[in-house]
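Worksheet: the structure to be examined is printed underneath.
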2 protein chains.
Amino acid sequence: MQAAPPQHLNPRKRPRQARSVATVEAIFEATIQVLLREGIHRLTTTRVAERAGVSVGTMYQYFPHKQALLYALNEHYLDLVAERVEAACRAQYGASTEAMVEALVTAYWQAKTERSEVTRALYRSAVELDNEALIDAFAKRMDAATMAMLKSAPDADYASIDLVNVTLLSVIFGTVRNVFERNLPSAQQLAIRRQLATMCLSYLKASGG
Amino acid sequence: MQAAPPQHLNPRKRPRQARSVATVEAIFEATIQVLLREGIHRLTTTRVAERAGVSVGTMYQYFPHKQALLYALNEHYLDLVAERVEAACRAQYGASTEAMVEALVTAYWQAKTERSEVTRALYRSAVELDNEALIDAFAKRMDAATMAMLKSAPDADYASIDLVNVTLLSVIFGTVRNVFERNLPSAQQLAIRRQLATMCLSYLKASGG
DNA sequence: TCAATATATGAAGGATCATTCATCTTTGGG
DNA sequence: CCCAAAGATGAATGATCCTTCATATATTGA
């Protein structure tokens with residue numbers, strides 16, 4: 001995610017020695033842990049530092065403030081998700097519409113639910129964070145990835161591919177989050193996921209796929 | 001929303017005189033205002049009281065603590081949304097599948113986006129709030145409302161209506177939220193809404209509607 | 001009109017937190 | 001081996017907040 005972060009959210013300095021690289025990693029990990037175990041209103045710089053096994057001061061060497069830490073964390077996470085979806089899309093170039101939809105739904109769903117507590121924690125950390133730039137960049141990346149995939153379909157000819165594409169993504173991303181947040185039994189989650197894929201496929205077919 | 005709130009979130013006492021009814025209303029309104037103008041991390045009991053034109057002490061006569069206030073606020077809001085969707089569903093008993101889907105998508109979409117800043121503010125207020133009971137109750141109400149509507153269709157016979165119904169709701173609710181949060185231009189929002197209705201309709205048709 | 005009850009006040013207590021900075025320790029290239 | 005730069009420390013500061021309670025005012029039914 002190379003969205004230029006809002007000025008004030010820039011990291012303070014980059015780790016140069018192996019020691020500090022480890023420190024920064026520990027801080028990220030600790031942030032997730034605290035978020036998970038204590039919730040966002042108990043996510044304290046001191047607590048994070050403590051769990052990371054460093055002192056508060058150290059944290060402030062790399063992040064100018066708490067928000068910057070959370071920003072960086074979200075950036076990292078979205079990057080992982082984006083990469084996985086992109087890879088899944090690339091793998092389907094020239095494939096059938098059916099394979100494309102299946103791959104897209106599966107890739108996104110898994111990326112989000114594999115470590116669902118972490119995902120949940122990050123959703124929470126993002127509230128009240130100026131991360132519009134992050135979300136935008138993510139959306140654009142996903143848009144480009146799926147668009148390229150759809151265009152490579154040998155048997156498809158969409159009337160308005162932009163609209164079809166943005167709809168597809170909105171529906172998939174939205175549904176995943178909704179199911180995810182309702183914390184339904186996993187059997188039901190799986191069933192819905194299948195239905196979703198079916199629904200998207202018939203939508204694409206009807207739209208020229 | 002009659003979900004028994006977690007014990008600790010119960011309101012402290014009910015307003016009995018006209019005066020205090022007005023006070024409670026003012027507090028609700030003020031909470032939304034503060035949430036809107038200042039964000040959740042500046043949502044302070046003092047600030048809310050100030051904006052409501054009462055003293056902090058007064059707030060604590062009706063809400064045992066901040067969380068209880070936010071809980072009550074969300075309860076109120078979800079109630080409004082639920083009522084509107086229920087009414088929309090009731091109005092379509094016996095109608096065509098097409099009319100049903102259109103009505104459902106429109107009702108929910110409008111309920112959420114009509115005062116979109118308020119919706120956004122409430123989404124934020126709900127984070128880090130023990131409102132699972134609220135969400136569950138809301139989901140159940142919606143489930144019942146749409147299920148009754150679908151069953152009343154003269155021309156439909158769904159293989160597994162439970163799954164179809166829960167999928168439909170997940171997709172609609174999820175998509176609305178996704179589009180909503182991405183803050184797309186309203187022309188595009190409208191276009192996606194139309195696509196969504198189309199998509200749901202073809203899904204229902206294919207499922208036996 | 002007059003208690004009894006309901007409602008409102010807001011200063012003060014107690015707690016938590018984000019952030020800084022003077023000081024100390026470690027690292028790695030020469 | 002040495003030292004300049006990098007990294008780490010954590011007590012202290014200043015600010016903000018939630019919540020309480022002793023006190024004051026308003027309302028209502030009799």
Side-chain angles (χ1 to χ4, degrees), chain A residues 7-31 34-35 37-73 124-125 127-130, chain B residues 7-31 34-35 37-73 124-125 127-130:
Chain A
Q7 186 61 27
H8 64 108
L9 290 179
N10 268 313
R12 186 160 273 177
K13 72 172 166 187
R14 308 202 146 278
R16 294 176 186 283
Q17 305 177 353
R19 186 168 45 140
S20 52
V21 171
T23 296
V24 170
E25 267 166 23
I27 291 174
F28 275 130
E29 186 55 33
T31 307
V34 173
L35 224 31
R37 284 176 180 47
E38 313 255 4
I40 215 194
H41 72 277
R42 305 206 67 205
L43 183 89
T44 290
T45 50
T46 317
R47 245 187 284 273
V48 168
E50 192 176 19
R51 178 150 221 115
V54 302
S55 79
V56 227
T58 298
M59 256 201 51
Y60 278 86
Q61 299 247 321
Y62 303 97
F63 306 98
H65 44 243
K66 223 174 94 170
Q67 285 217 342
L69 168 64
L70 295 177
Y71 188 93
L73 195 61
R124 296 188 159 190
S125 81
V127 169
E128 201 65 11
L129 180 63
D130 180 16
Chain B
Q7 185 62 27
H8 64 108
L9 290 179
N10 268 313
R12 187 160 273 177
K13 72 172 166 187
R14 306 200 148 278
R16 294 174 187 285
Q17 305 177 352
R19 188 168 43 139
S20 53
V21 171
T23 296
V24 169
E25 267 165 23
I27 291 174
F28 276 131
E29 185 56 33
T31 307
V34 173
L35 224 30
R37 284 176 181 46
E38 313 255 4
I40 215 194
H41 72 276
R42 305 206 67 205
L43 182 88
T44 290
T45 49
T46 317
R47 247 188 282 273
V48 167
E50 192 176 18
R51 178 150 221 115
V54 301
S55 79
V56 226
T58 298
M59 256 201 51
Y60 278 86
Q61 300 248 324
Y62 303 97
F63 306 98
H65 43 245
K66 221 175 95 169
Q67 284 216 343
L69 169 64
L70 295 178
Y71 188 92
L73 194 62
R124 296 185 161 193
S125 81
V127 170
E128 201 64 12
L129 181 64
D130 180 15

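Order of the sequence lines fixes the chain letters, A, B, ..., with proteins taken first and strands second; residue numbering starts at 1 for each chain. None of the values given here were measured: they were computed from a predicted structure.
Closest-nucleotide positions on DNA chain C for A:His41 and A:Gly57 were compared, and the one nearer the 5' end corresponds to A:His41. Of the two residues near DNA chain C, B:Val56 and A:Arg42, the one whose nearest nucleotide lies more 5' is B:Val56.
Residue contacts shown for B:Gln61 include a base, since a base heavy atom lies under 4.0 Å away. As judged by a 4.0 angstrom heavy-atom cut-off over every strand, B:Leu69 is placed among residues making no nucleic acid contact. Nucleic acid contact for B:Ser20: sugar-phosphate only, since backbone atoms but no base atoms lie under 4.0 Å from a heavy atom of the residue. Note on B:Thr44: only backbone sugar-phosphate atoms sit closer than 4.0 angstrom, heavy atoms only; bases stay farther off. When heavy atoms are screened at a 4.0 angstrom cut-off, B:Val54 is found touching the sugar-phosphate backbone but no base atom.
Comparing D:dA8, D:dA6, C:dA8 by their nearest atom to the side chain of A:Gln17 picks out D:dA6. The listed nucleotides are C:dA18, C:dT7, D:dA8; the one nearest the side chain of A:Arg19 is D:dA8. The A:Thr45 side chain lies nearest to C:dT19 when the options are D:dT9, D:dT19, C:dT19.
For A:Arg47, a side-chain nitrogen or oxygen approaches OP1 or OP2 of C:dC17 to under 4.0 Å. Residue B:Thr46 places none of its side-chain N or O atoms closer than 4.0 Å to OP1 or OP2 of D:dC17. At least one side-chain nitrogen or oxygen of A:Ser55 sits closer than 4.0 Å to the OP1 or OP2 atom of D:dT9. Listed pair A:Thr23 / D:dA8 meets the phosphate criterion, a side-chain N or O lying under 4.0 Å from OP1 or OP2.
Atoms CD1 (A:Ile27) and C1' (D:dT9) sit 13 Å apart, rounded to a whole Å. Nucleotide C:dA18 holds its C1' atom 9 Å from the CE atom of A:Met59, rounded to whole Å. For the pair A:Leu43 CG and C:dT16 P, the computed distance is 16 Å after rounding to whole Å. The distance from atom OH of A:Tyr62 to atom P of C:dT19 is 18 Å, rounded to the nearest whole Å. Atom OH of B:Tyr60 is separated from atom C1' of D:dA22 by 18 Å (rounded to the nearest Å). Put simply, NZ on A:Lys66 is 19 Å from P on D:dA15, counting in whole angstrom units.
Considering only heavy atoms from C-beta on, B:Arg47 stays 4.5 Å or farther from B:Leu43 through its side chain. Using a 4.5 Å heavy-atom cutoff, the side chains of B:Ile40 and B:Val127 are not in contact. In this structure, B:Tyr60 and B:Thr45 have side chains that are in contact, with non-hydrogen atoms separated by less than 4.5 Å.
Taking CG from A:Asp130 and OH from A:Tyr71, the interatomic distance works out to 7.5 Å, rounded to the nearest 0.5 Å.
Note on ring orientation: taking the six-membered ring where Trp is involved, the planes of A:His8 and A:His65 are tilted (angle from 30° to 60°).
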